[in-house]
Amino acid sequence: MEIEPRKFADAWAAAWNAHDIEAVLAHFHDDATFSSPFAALVLPESRGRLIGKAAIRDYWTIGIARIPDLHFTIDAVFVGIDCIVIAYVNQRQARVSEVLKFAGALVIEGHGTYAEGVVNPTGASA
């Protein structure tokens, strides 16, 4: 893997905690895809799947606006062959995982996941 997993995760969390979408996107390939149950709620036409940085940027911009107190605290980082899982706790104390697959040093595929049965794990306003 071309990244240092914990260093990557720390930079990722710092960018999110600063609400700096461009800093988060800097870690993503232009052709990256991202899926999330929250994306399906925010952009129903996406069915939860976003293709390309522009679509991901649009989704995250809406998400940040709906979660003004967004904050992530990393709980653990899991490492695979070409992927990492960042397990974290968000501002609602909900446990969340980000599954990120890499092509070189950039994320090519990402998946936001939430614990089953947690109502509104993001804490987003309507």
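Keep in mind that what you see is a predicted model, and the values were worked out from it rather than measured.
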Least distance between heavy atoms, Phe34 atom then Gly112 atom: CZ-N, 3.7 Å

Can you check whether Arg6 reaches Ile74 side chain to side chain, under 4.5 Å on heavy atoms? yes

Apply side-chain contact (heavy atoms from CB on, under 4.5 Å) to Ile86 and Ile84, showing your working. CA-CA 6 Å; Ile86 303 171; Ile84 65 172; 4.0 Å; yes

How many angstroms lie between atom CG of Asp69 and atom CD of Gln91, to the nearest 0.5 angstrom? 4.5 Å

Indicate the atoms forming the closest heavy-atom contact of Ser46 with Ala39, along with that distance. OG-O, 3.5 Å

Atom pair CD/CG of Glu4 and Asp10 - distance to nearest 0.5 Å: 10.5 Å

Does CZ in Arg57 sit with more than 12 non-hydrogen atoms of other residues, nucleotides or ligands closer than 6.0 Å? yes

Are Phe38 and Val85 connected into the same hydrophobic cluster when the rule is that any two of I, L, V, M, F, W, Y join if their side-chain heavy atoms are below 4.5 Å apart? no

Taking C-beta and beyond as the side chain, do Thr61 and Ile21 meet within less than 4.5 Å on heavy atoms? yes

Nearest-0.5 Å distance that lies between atom CG in Asn90 and atom CD1 in Ile67: 7.5 Å

His29 side chain near Val107 side chain, heavy-atom distance below 4.5 Å: no

Decide yes or no for Leu50 and Leu43: does some side-chain heavy atom of the first lie under 4.5 Å from some side-chain heavy atom of the second? yes

Would Glu109 and Leu100 count as a side-chain contact (heavy atoms from CB on, under 4.5 Å) if you check the C-alpha gap in whole Å, the side-chain angles of each, and the deciding distance to 0.1 Å? CA-CA 6 Å; Glu109 184 179 324; Leu100 303 173; over 6 Å; no

With a sphere of 6.0 Å drawn around NZ of Lys101, does it hold more than 12 non-hydrogen atoms of other residues, nucleotides or ligands? no

Aromatic contact between Phe8 and Phe102, with the criterion being ring centroids under 6.0 Å apart: yes or no? yes

Side chains of Tyr59 and Ser36 only: does a donor on one sit below 3.5 Å from an acceptor on the other? yes

Please lay out, stage by stage, how Arg66 and Val42 fare under the test side-chain contact (heavy atoms from CB on, under 4.5 Å). CA-CA 9 Å; Arg66 292 181 65 183; Val42 173; 3.6 Å; yes

So, does Ser35 use its side chain to make a donor-acceptor pair with the main chain of Gly48 at under 3.5 Å? no

Taking the side chain as every heavy atom from C-beta outward, state whether Phe72 and Val89 have any pair of such atoms under 4.5 Å apart. no

When rounded to the nearest 0.5 angstrom, what is the spacing between CD1 in Ile62 and CG in Leu41? 12.0 Å

What distance do Arg92 atom CZ and His71 atom NE2 have between them, rounded to the nearest 0.5 Å? 15.5 Å

Under a single-linkage definition using a 4.5 Å side-chain heavy-atom cutoff for Ile, Leu, Val, Met, Phe, Trp and Tyr, are Val77 and Val96 assigned to the same hydrophobic cluster? yes

Spacing of Ile108 atom CD1 and Thr33 atom OG1 [to the nearest 0.5 Å]: 7.0 Å

Does atom CD of Glu116 have more than 12 heavy-atom neighbours from other groups under 6.0 Å away? no

So, do Val24 and Asp20 sit near enough that their side-chain heavy atoms are less than 4.5 Å apart? no

Is the shortest side-chain heavy-atom distance between Glu98 and Tyr88 below 4.5 Å? yes

Decide if the gap between the ring center of Trp60 and the ring center of Phe28 is smaller than 6.0 angstrom. yes

side-chain contact (heavy atoms from CB on, under 4.5 Å) between Leu70 and Ile64, intermediate numbers included: CA-CA 7 Å; Leu70 178 126; Ile64 289 282; 4.1 Å; yes

Single-linkage hydrophobic cluster Met1~Val99, side-chain heavy atoms < 4.5 angstrom: no

